[in-house]
Student: 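Got a structure for you, written out below as structure tokens; questions coming shortly.
Order of listing sets the numbers, starting from 1, for every ligand and every atom in it. Numbers for residues simply follow the sequence, beginning at 1. We use all heavy atoms of the structure for the numbers below, so side chains are in, but hydrogens, waters and symmetry mates are not.
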Amino acid sequence: MSMKQVLVSLNRQVARVKLVNALRQPPGRIFCLPPPTQIAQVIQSTVQPVSYSAGSSFLSSLRDLTRRTLFPIAVPRMPGWMHRVARSYARPVAPLLGFIAAFLQESKTEEFRTNAAFVAVHAEANEFSKKSMAHFLPKRDFSDLLSVSELEFGRPLGKGCNAAVYEARMRSYFEPEKPYDLAVKVLFNYSNNADADEVAQFFETELLPSRFRHLSIVDVFRSVVDLIPELPQSSELFPGALPQKYNNEGLGANHTMFVLMNKYSGTLRDRLLTHGRCGYREGLTIFSQLLEGVVKLGKENVAHRDIKSDNILLANSEDGEVLRAVVSDFGCSLNSLRLHYFSSHISKGGNRALMAPEVVNAKPGILSFIDYGRSDLWAVGTIAYEIFKGFNPFFEGVFKLDSGTYDDSQLLDITEGHEFLNRLVRRVLRRDYRQRPSPAVAATACYMLLWDFPLGDKEQVLTLEMIRLWIMQLCVKLICESRENAVQRALLGTFLRRCNVADITEAWRVLTTV
Ligand SMILES: Nc1ncnc2c1ncn2[C@@H]1O[C@H](COP(=O)(O)OP(=O)(O)OP(=O)(O)O)[C@@H](O)[C@H]1O
């Protein structure tokens with residue numbers, strides 16, 4: 001045993017002794033629990049030998065474990081506001097708030113126990129989620145990149161109506177064989193703007209994702225406005241967007257904006273064309289990441305307005321397994337969820353076929369406002385058909401639907417034998433946006449399918465005990481099981497950080513109401 005292992009084992013022993021002492025206190029008294037990371041270690045060492053798949057034995061040992069560790073926290077019922085604060089800043093303030101709450105009120109209701117468990121779970125999740133995010137989104141600093149001459153362009157990765165994207169790497173004289181690990185979007189600039197700031201302003205929405213880093217949003221690092229260099233295959237790929245020095249008939253300006261991004265393996269659309277539709281589990285993993293992306297966009301007050309499978313990028317493992325799915329191409333996005341649509345000259349967004357009904361049917365007028373709060377969610381709902389069924393009924397297939405005129409009853413089942421998933425997608429695609437669940441509830445429902453929330457076939461009653469056990473199960477999964485699978489861990493962490501009983505209850509209703 002190395003010194004480090006001895007220390008770790010000692011640490012666990014100490015944590016265990018502290019826990020046992022804490023649990024010996026008479027019920028109702030405040031006691032000091034060891035810090036959450038130590039509790040995690042105890043949980044880990046206790047739970048690891050338990051087999052997950054053996055449903056009942058796992059649940060009973062978990063129940064026993066939660067009783068012994070997290071649940072007896074003698075925090076009396078917290079007032080609602082305190083619970084909210086504790087949830088947001090769980091780790092540093094939860095014990096303090098619990099202490100204050102002890103003086104304010106003394107009660108030991110079911111709700112208090114769930115609150116206490118949530119606080120503890122959130123503290124854990126925060127910790128682990130931060131770590132796994134850091135693993136996924138390594139900070140890369142390109143702040144001193146001032147000119148595209150510092151980049152070396154490789155082969156083109158793709159081309160759209162507004163830009164071409166190339167693989168790239170930082171020029172390095174010491175490491176000439178460095179892999180092309182970056183992607184650069186070369187925007188087509190047809191304007192006569194001579195000023196770099198004006199060009200940057202014209203394309204500013206492309207940079208929106210650089211404001212927030214998230215598992216499900218494309219990693220955009222930096223942009224530069226510069227002269228267009230000679231680029232591989234440019235005269236075949238986008239002759240019209242080239243400046244005249246490269247093509248006499250080109251209409252492009254001499255300089256444009258270059259957006260530096262992470263390089264991904266390809267688009268969801270290409271993946272589905274080459275590999276066919278996804279299996280149930282793989283599909284749920286992709287679908288839940290897209291929903292999580294929409295939750296994040298909503299929180300940032302951003303409407304993407306052009307979500308389609310060409311704009312979903314995938315990161316694959318070496319053996320082709322899809323690891324990560326991110327929303328990309330923010331060229332049509334809006335830095336608000338509401339638009340005053342007073343003139344038909346104002347753009348409503350990207351592709352008409354995937355515009356939600358409330359957007360496509362909006363008529364311009366002095367009192368006309370478009371609410372984009374649930375329109376990206378709707379677009380992701382249509383992509384669920386591509387993921388699980390292999391085609392999108394809103395732009396292909398025999399029974400093609402028009403988003404402006406379809407009826408809820410015309411929606412086909414998405415997949416046979418998965419009634420809960422069918423219900424979720426139908427709810428997400430409701431014509432009336434007020435009848436759609438919020439993105440957070442939709443994402444929660446998707447996680448409930450992905451991580452096996454006990455959903456009965458018949459009319460079953462949802463209890464706090466079910467929620468509590470499921471959350472504990474996820475917490476243990478986060479800590480013990482998903483060490484090798486970084487995406488799973490990041491997803492779990494993201495969800496556990498924001499989940500609450502109200503969302504889970506609503507998601508359960510979405511899944512179980514016919
Ligand atoms: N970071 C990336 N890594 C790998 N490939 C990428 C990346 N970004 C874009 N691509 C590829 O380049 C293509 C064009 O990119 P993008 O969709 O951003 O261009 P666009 O002109 O804005 O598209 P649109 O026609 O939808 O407006 C994508 O469909 C994809 O194949």
Student: Side chain or backbone of D270 under 4.0 Å from ligand 1, or both, or neither, by non-hydrogen atoms?
Tutor: neither

Student: For N262, is at least one N or O under 3.5 Å away from an N or O on ligand 1?
Tutor: yes

Student: What I want to find out is whether D432 reaches R374 closely enough, with some N-O distance under 4.0 Å, to be called a salt bridge.
Tutor: no

Student: If you measure every N or O of K263 against every N or O of ligand 1, does any of those distances drop under 3.5 Å?
Tutor: no

Student: Does any N or O of ligand 1 fall below 3.5 Å from an N or O anywhere on E206, backbone included?
Tutor: no

Student: Mind checking whether V218 has an N or O less than 3.5 Å away from an N or O of ligand 1?
Tutor: no

Student: For the residue pair W451 and W470, categorise the inter-ring angle as parallel (less than 30°), tilted (30 to 60°) or perpendicular (more than 60°).
Tutor: tilted

Student: Run the ring-centre check on Y406 versus F394 and record whether the distance is less than 6.0 Å.
Tutor: yes

Student: Does E167 have a non-hydrogen atom less than 4.0 Å from ligand 1?
Tutor: no

Student: Check D452 with R281, please: is the shortest side-chain N to carboxylate O separation under 4.0 Å?
Tutor: yes

Student: Specify side chain, backbone, both or neither for D310, according to which of its non-hydrogen atoms lie closer than 4.0 Å to ligand 1.
Tutor: backbone

Student: For ligand 1, is any non-hydrogen atom under 4.0 Å from A183's backbone (N, CA, C, O), its side chain (CB onward), both, or neither?
Tutor: side chain

Student: Can K308 and D329 be counted as an ion pair, charged N to O under 4.0 angstrom?
Tutor: no

